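One structure is given here, and the rest of the page talks about it.
Since the model is a prediction, treat every value here as computed from it, not as a measurement. Just so it is clear, the values below take in all heavy atoms, side chains as well, and ignore hydrogens, waters and symmetry mates.
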Amino acid sequence: MRTATLGPEQRAESLAAMAERGLDLLVVGGGVVGAGTALDAVTRGLNTGIVEARDWASGTSSRSSKLIHGGLRYLEMLDFALVREALKERGLLLERLAPHLVKPVPFLYPLQHQGWERLYAGSGVALYDAMSMARGHGRGLPAHRHLTRGQALRVAPALRKDALVGAIQYYDAQMDDARYVATLVRTAVSYGAKAANRARVTGFLREGERVVGARVQDVEGGGEYEIRAQQVVNATGVWTDDTQALIGERGQFHVRASKGIHLVVPRDRIHSTTGLILRTEKSVLFVIPWGRHWIVGTTDTDWSLDKAHPAASSADIDYLLNHVNSVLAVPLTRDDVQGVYAGLRPLLAGESDATSKLSREHTVAHPVPGLVVVAGGKYTTYRVMAKDAVDEAVHGLDMRVAECVTEDVPLIGAEGYRAMWNARARTAARTGLHVVRVEHLLNRYGSLAEEVLDLVAADPGLGEPMPAADDYLRAEIVYAASHEGARHLDDVLTRRTRISIETFDRGTRSAREAAELMAPVLGWDKGQTEREVEHYEKRVEAERESQLQPDDQTADAARLGAPDIVPL
């Protein structure tokens with residue numbers, strides 16, 4: 001079984017090795033596109049490194065709708081190529097590359113008009129299914145079906161009877177976006193890539209007009225490294241323009257940020273066995289099953305304030321509640337909201353003033369020798385973006401480089417996953433855990449669940465659930481720090497787990513225990529442990545305050561009241 005460890009020792013060794021020996025290709029940016037680019041490059045035989053200024057997936061790639069989908073609404077825009085490409089990628093992820101992380105999810109589309117709407121929407125969904133099957137990667141999902149109003153209300157009793165005249169049910173897929181990125185990085189490392197998070201690029205190395213590497217600051221240790229590389233790929237998403245500014249060159253395109261917020265509510269607040277997709281005046285609204293919760297989103301508004309910590313305002317929350325309540329028999333209230341998160345989409349600028357109409361397609365450019373820029377796109381098609389970025393970089397390498405092979409490279413944890421799933425009852429009997437716990441681990445780690453179970457075998461206390469977040473075992477907190485690159489409490493509660501959005505206390509009741517579990521792994525003394533807890537509590541307080549503010553400006557100011565933590 002292929003594996004890799006993103007522990008503190010590996011991080012330090014990677015930074016030192018990148019600086020000492022140099023690279024064929026250095027990737028800047030640890031979101032899904034950057035991580036995918038690192039995996040693409042290293043599996044072509046290139047000496048590859050990747051650095052990320054904060055935590056893996058700490059930007060857009062941990063704050064999405066958590067869907068792997070073809071983009072049904074893009075059919076309406078007649079963007080058939082984008083949909084066709086995304087549906088192929090959806091199939092690959094479900095069937096071959098990450099079956100442990102990417103799962104089918106049903107959606108119900110309520111119809112509000114007799115006759116023409118069923119024909120119109122039904123034709124679109126039928127084309128969606130047909131395009132998926134035509135790519136040879138749609139057999140893992142059930143076909144769509146038409147429902148009468150009575151049938152629709154049986155699968156989604158939460159809907160108001162007067163909110164629909166019938167419905168269409170179809171399938172897409174979902175994943176935990178941050179967990180997916182961490183697994184991508186680990187997969188790249190398992191093939192030989194060097195990876196370091198909390199490593200910020202402060203400038204580029206130049207020889208004449210050519211970029212030959214980057215200056216990288218170790219945000220944790222305080223040192224600075226010069227990492228030389230034949231090619232550098234800028235995959236920094238909404239920070240693309242900022243990163244480009246470090247070379248003092250005008251970019252060939254610009255990236256605008258569009259803010260999308262999501263609400264997390266308990267599963268029992270919406271009585272339904274299926275997700276929902278609703279039309280709004282601007283776009284679509286999803287109600288997405290998420291374990292014991294629902295995710296309701298999203299908004300789509302221009303954002304020009306702080307990129308690191310986009311804030312959800314009271315107006316954003318009201319917008320989502322108002323729209324979802326328009327179809328619910330029992331309306332949601334603010335008291336039903338367990339979690340709120342806001343993210344920024346990187347959209348290619350210049351096509352429209354409305355962010356919802358800006359391009360979701362991606363662009364790759366070579367603005368100066370030695371530097372490739374990749375931007376735009378959508379989560380589902382990250383592998384295609386990565387391939388295109390490496391293809392462009394290869395033009396600047398004076399060596400023969402193999403073609404992309406990532407279509408046939410499963411992520412770590414995929415190998416043996418289905419066999420382990422079939423044997424989950426035996427695993428439960430062997431470990432003493434309930435079979436539901438084993439299923440939880442398999443759907444988060446795949447076959448790497450055995451590594452988590454090894455921690456429990458060595459210390460049975462780690463097999464106990466977190467008292468204030470009992471979906472998660474104590475072992476998962478330790479494993480996040482020892483194997484998955486988590487450097488701070490926020491990394492674990494917000495991205496390696498989803499405790500920060502899945503509990504009404506936003507993770508504050510779990511903070512101290514989680515910090516104490518992480519401390520021995522990361523070498524924290526009592527003072528650092530206290531600082532981690534204090535910082536996390538202040539972050540939650542600032543986010544709650546921002547969500548009471550009336551607009552983006554006041555929400556942003558409130559959120560920035562909690563600064564990022566830096567080890568002393």
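- Checked by atom type, the side-chain pair H69/T380 shows no donor-acceptor distance below 3.5 Å.
- Scored by the salt bridge (charged side-chain N to carboxylate O under 4.0 Å, His left out) test, R495 finds D55, D490, D491 as partners (sequence neighbours excluded).
- At least one side-chain heavy atom of L453 sits less than 4.5 Å from a side-chain heavy atom of T427.
- No donor-acceptor contact under 3.5 angstrom links the side chains of R437 and T431, judged on distance only.
- Side-chain contact of E545 with Q549: a donor-acceptor pair under 3.5 Å is present, judged by distance alone.
- Here E464 pairs with nothing under the side-chain hydrogen bond (donor to acceptor under 3.5 Å, both in side chains) rule; sequence neighbours left out.
- Residue pairs meeting the salt bridge (charged side-chain N to carboxylate O under 4.0 Å, His left out) criterion with at least one partner in residues 2-17, sequence neighbours excluded, are R11-D218.
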- Task: Tell me, with the steps shown, if L332 and V337 meet side chain to side chain contact (heavy atoms under 4.5 Å, CB included).
- Result: CA-CA 8 Å; L332 297 175; V337 177; over 6 Å; no
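- Take Y319 and apply the ring pair (Phe, Tyr, Trp, His ring centres under 6.0 Å) test, not counting sequence neighbours, and it matches H323.
- Between the side chains of H254 and Q244, not a single donor N or O lies within less than 3.5 Å of an accepting N or O.
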Validation: residues 97-104 side-chain donor-acceptor distances under 3.5 Å, sequence neighbours left out:
unit_1 : atom_1 : unit_2 : atom_2 : d
H100   : NE2    : I412   : O      : 3.1
K103   : NZ     : P99    : O      : 2.8
K103   : NZ     : Y417   : OH     : 2.5
K103   : NZ     : N443   : OD1    : 3.1

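- Residues F204 and T243 are in side-chain contact: their nearest non-hydrogen atoms beyond the backbone lie under 4.5 Å apart.
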- Might you work through the side chain to side chain donor-acceptor pair (under 3.5 Å) test for Q547 and R544, ending with a clear yes or no? CA-CA 5 Å; Q547 290 155 20; R544 286 188 184 276; over 6 Å; no
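- Pairs passing the side-chain hydrogen bond (donor to acceptor under 3.5 Å, both in side chains) check and including a residue from residues 465-478, sequence neighbours excluded, read R292-D470, R292-D471, H440-E476, R444-E476, Y445-E476, Y472-E502, R474-E513.
- I288 is not listed as a side-chain neighbour of K66, based on a closest heavy-atom distance of 4.5 Å or more.
- Judged by distance alone, the side chains of S313 and D551 never bring a donor and an acceptor atom under 3.5 Å apart.
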